[in-house]
Each structure stands twice: as C-alpha cells, then as structure tokens.
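Reviewing the structure listed below.
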Amino acid sequence: MTDAAALPGQPRGGVLSGPATARAVNVLAPNASAMTLDGTNTWILAEPDSDRAVVVDPGPLDDAHLRHVVDTAERAGKRVALTLLTHGHPDHAEGAARFAELTRTNVRALDPALRLGDEGLAAGDVIAVGGLELRVVPTPGHTADSLCFHLPADGAVLTGDTVLGRGTTVVAHPDGRLGDYLDSLRRLRSLTTDDGVHTVLPGHGPVLEDAQGVVEYYLAHRAHRLAQVETAVEDGHRTPGEVVAHVYADVDRSLWPAAELSVRAQLEYLGEHGIVRLPE
C-alpha cells in the first residue's frame, strides 16, 4: 500500500464528502465510474459567518443529489445564492438548470449556452457573495470552456477536470487542445508559486494538499506522454488507434476511447509544431 503523501499532490485520505477547508464542503454525486472516479464533487462555498453560499458544479441530473446539496447547505444555515460551472460536461453541468429551479439562483458559466441569467464568467472576474471571494481563472485545454476558481482565503483552487484528485485528465479533442492545456497548467503553477495556493479542490477524487507538486507532476506527465507519442509515430504507428494501443498498452482497455481523445490532441500539437507529419 502506497503512502498518500508519496502520491502526486498528497491526496487527502478518508471520506470524500464533507468539509474540506474552512469555506468549502463537498457533496459527492452518486455517479462513480472509470471516468468520474468516485463521482462528481459538488462544492458548497461560503464564509463561515455568512448565511449565503455558492455552489460549484451541481453535477448530473439526479434530483436526490441536487436536493441533498440544498439540504446540506441549509443544515449549515446557508442559502444557495449562486451556481457556477467549471465547464459544460454533463457530469458537472447537466443538473444545473434543475438546481437553479430548486434554489432560484442564476447559473454563471463561460459558455453562454450554459448560463441562466444575464451574467457569464470571464478571465479576471471576481465573484463576491456574502463576503466570500472567488477569482475566475481561465484554464482551457480539457475543454475550451474550462475554468478554475481561486479561493484566496483558503489558499485553494477549484479545478474541475483540469486537475483531478487521482490520476490525470483527458484533453477532450477536438474541443480540448493540448497547447491550451499546457498553458493552463503553467497558469495554475503560477498560482502556487506567486499567490499562495497550496490546496486543490478537484472535480473528481480526493482533496490534494500539495498543489504545486501535482501541477508539476501533470506537466511532467504530459511531456512524457508527448515524447511517447512522437516515438510511436516515428516507429510507424500512424493512426490514433495504433498509437493508443502502443502507448497505452498497460492501461485498462475501457479507458482507451478517452485515451484516444488525448492522443488526437497530442498528434495535432506535434503536427502544428512541425515535429511529426501525418497523412491527412
């Protein structure tokens, strides 16, 4: 058994649902799978002495889960005042419209198609609710509309699917782009070096206690995979499927379709930079 402290990001052990920081409580959605790990983390954020809360990523369209999120906030003396989305994938956003009905809140997102209300989200926005402050950090790459939320008071960042609590994420080609994703990881690294961020509150998996460590691991992992893909192409593996079978041979085959998305993004990146040339 591996000590959690030795794993990338130092994942916190124990139950995933419940308080994570002074201002963040997780309600785990019941949608565990190979892709969603233990399920989607729905985050309730509030100042300890405030009666208003922000919810990030209501999760799937599961009425019992959505009501459980509302009940959890209310038991703590909080009223949900705003709903935010890290990105539009269904495991994070499908329940947003129903959750907005239950809470009578607006939904703010980068993608206009996901918004309910007049306000969206953009780089540099500061969200203030009941004394709570969140800063919007654009992190495209997993998807084009991916965002993170910096919670300065807790030295934390909510990362959606940009950084997971366990394993690594998919660059969901063609919407997701590897160059964008690498830039986003570097942007997160600057939060850890320049802005005091030490805790990752991910969209899936456990809380991570070493934000800088996990971001550095992600950057190294991407560089390693990119080198593997480049070598695979040089060795004659020309299609995404062939590259996946060669590079991801030790990965569960049920994950190969997701791996192929990342491989397509890597091949596109290598082609754009003139590193490899593939047939049309």
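Inspection of the His89 and Thr143 side chains reveals no N or O donor paired with an N or O acceptor under 3.5 Å. Side-chain contact, Asp195 with His150: no donor N or O sits under 3.5 Å from an acceptor N or O. For the 3.5 Å distance criterion, the side chains of His246 and Asp235 fail to qualify, holding no donor opposite an acceptor. One side chain, Thr40 or Asn31, offers a donor N or O that lies under 3.5 Å from an acceptor on the other.
Val197 and Leu134 sit in two unconnected hydrophobic clusters of ILVMFWY residues. Membership requires side-chain heavy atoms under 4.5 Å apart, directly or through other members. One hydrophobic cluster, built from ILVMFWY side chains closer than 4.5 Å, cannot hold both Val70 and Val129; they sit in different ones. Under a hydrophobic clustering in which Ile, Leu, Val, Met, Phe, Trp and Tyr are joined whenever their side-chain heavy atoms come within less than 4.5 Å, directly or via other members, Leu226 and Val244 fall into the same cluster. Using a 4.5 Å cut-off between side-chain heavy atoms of Ile, Leu, Val, Met, Phe, Trp and Tyr, with links allowed through other members, Val107 and Leu61 fall into different hydrophobic clusters. By the criterion of side-chain heavy atoms lying less than 4.5 angstrom apart, applied directly or through intervening Ile, Leu, Val, Met, Phe, Trp or Tyr residues, Leu16 is not grouped with Leu37; the two fall into different hydrophobic clusters.
The backbone N or O of Leu110 lies less than 3.5 Å from a partner atom in the side chain of Arg115, making a donor-acceptor pair. In this structure a side-chain-to-backbone donor-acceptor pair under 3.5 Å is present from Asp125 to Ala122. Side chain of Arg108 to main chain of Gly120: a donor-acceptor pair is present (N/O by atom type, distance under 3.5 Å, no hydrogens or angles). Side-chain atoms of His237 never come within 3.5 Å of backbone atoms of Val229 as a donor-acceptor pair (strictly under, hydrogens ignored). For the pair Trp256 (side chain) and Gly241 (backbone), a donor-acceptor distance under 3.5 Å is absent. Glu216 places no side-chain N or O within 3.5 Å of a backbone atom of Gln212 that could act as its donor or acceptor partner. With hydrogens and angles disregarded, a donor-acceptor distance shorter than 3.5 Å links the side chain of His273 to the backbone of Tyr269. Remark: the backbone N or O of Val54 is not paired with any side-chain donor or acceptor of Lys78 at under 3.5 angstrom. The main-chain N or O of Asp210 is never found under 3.5 Å from a side-chain atom of His198 such that the two would form a donor-acceptor pair. Here the side chain of Thr86 pairs no donor or acceptor atom with the backbone of Ser146 at under 3.5 angstrom.
Between Phe99 and His65, every side-chain heavy-atom pair lies at or beyond the 4.5 Å cut-off. Put simply, the side chain of Asn106 does not reach to within 4.5 Å of the side chain of Glu119, judged on heavy atoms. Between Asp91 and Asp57, every side-chain heavy-atom pair lies at or beyond the 4.5 Å cut-off. Taking the side chain as every heavy atom from C-beta outward, Gln266 and Leu178 approach each other to under 4.5 Å. Side-chain atoms of Val55 and Thr42, non-hydrogen and from C-beta on, do get closer than 4.5 Å to each other. Looking at heavy atoms from C-beta onward, Thr169 lies in side-chain contact with Tyr181 at the 4.5 angstrom threshold. Annotation: side chain of Glu209 is in contact with side chain of Thr199 (closest heavy-atom distance under 4.5 Å). Within the 4.5 Å cutoff, the side chain of Ser184 has heavy atoms near those of the Pro140 side chain.
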Run Arg264 and Glu268 through salt bridge (Lys or Arg N to Asp or Glu O under 4.0 Å) and show every step you take. CA-CA 6 Å; Arg264 287 180 180 274; Glu268 179 183 66; over 6 Å; no
Test side chain to side chain contact (heavy atoms under 4.5 Å, CB included) applied to Val214 and Val200, step by step: CA-CA 9 Å; Val214 74; Val200 172; 4.1 Å; yes
Working for side chain to side chain donor-acceptor pair (under 3.5 Å), residues Thr36 and Ser33: CA-CA 5 Å; Thr36 61; Ser33 72; 2.9 Å; yes
Salt bridge (Lys or Arg N to Asp or Glu O under 4.0 Å) between Asp63 and Arg67: does it pass, once the steps are laid out? CA-CA 6 Å; Asp63 216 61; Arg67 291 182 182 276; 2.8 Å; yes
Using side chain to side chain contact (heavy atoms under 4.5 Å, CB included), reason through Leu188 and Val157 one step at a time and then give a plain yes or no. CA-CA 9 Å; Leu188 289 176; Val157 61; 4.2 Å; yes
Mind running side chain to side chain contact (heavy atoms under 4.5 Å, CB included) on Thr103 and Arg79 for me, showing each step along the way? CA-CA 8 Å; Thr103 58; Arg79 175 181 62 83; over 6 Å; no
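With His204 as the partner, the side chain to side chain donor-acceptor pair (under 3.5 Å) test is satisfied by one option alone out of Asp161, Asn41, Asp38: Asp161. Across Asn26, Leu45, Leu201, a single residue satisfies side-chain contact (heavy atoms from CB on, under 4.5 Å) together with Thr21, and that is Leu201. Checked options Leu121, Val126, Leu84; the residue passing with Val136 is Leu121 (criterion: side-chain contact (heavy atoms from CB on, under 4.5 Å)).
Atoms CD and CG, from Glu133 and Leu151 in turn, are 9.0 Å apart once rounded to the nearest 0.5 Å. Rounding to the nearest 0.5 Å gives a distance of 7.5 Å between CG of Leu85 and CZ of Phe149. Atom CG of residue Leu147 and atom OG1 of residue Thr159 lie 12.0 Å apart, to the nearest 0.5 angstrom. If you take CZ on Arg222 and OG1 on Thr168, they are separated by 5.5 Å, rounding to the nearest 0.5 Å. The CZ atom of Arg23 sits 14.5 Å away from the CH2 atom of Trp43 when rounded to the nearest 0.5 Å. Rounding to the nearest 0.5 Å gives a distance of 13.5 Å between NE2 of His142 and CG of Asp180.
The aromatic rings of His92 and His87 sit tilted, their planes meeting at an angle between 30° and 60°.
Between Ala100 and Leu116, the shortest heavy-atom distance links the atoms CB-CD1, 3.7 Å. Across all their heavy atoms, Thr192 and Ala211 have their closest contact at CG2-CB, 3.7 Å. Heavy atoms only, all atoms of each residue included: Pro202 and Pro206 are closest at CG-O, 3.2 Å. Between Ala20 and Val207, the shortest heavy-atom contact is CB-CG2, 3.8 Å. When every heavy atom of Glu242 is checked against every heavy atom of Arg238, the shortest pair comes out as OE1-N, 2.7 Å. Closest approach of Gly176 and Ala265 over heavy atoms only: O-CB, 4.4 Å.
Taking a 6.0 Å sphere around CG of Asp118, one finds it holds 12 or fewer heavy atoms contributed by other residues, nucleotides or ligands.
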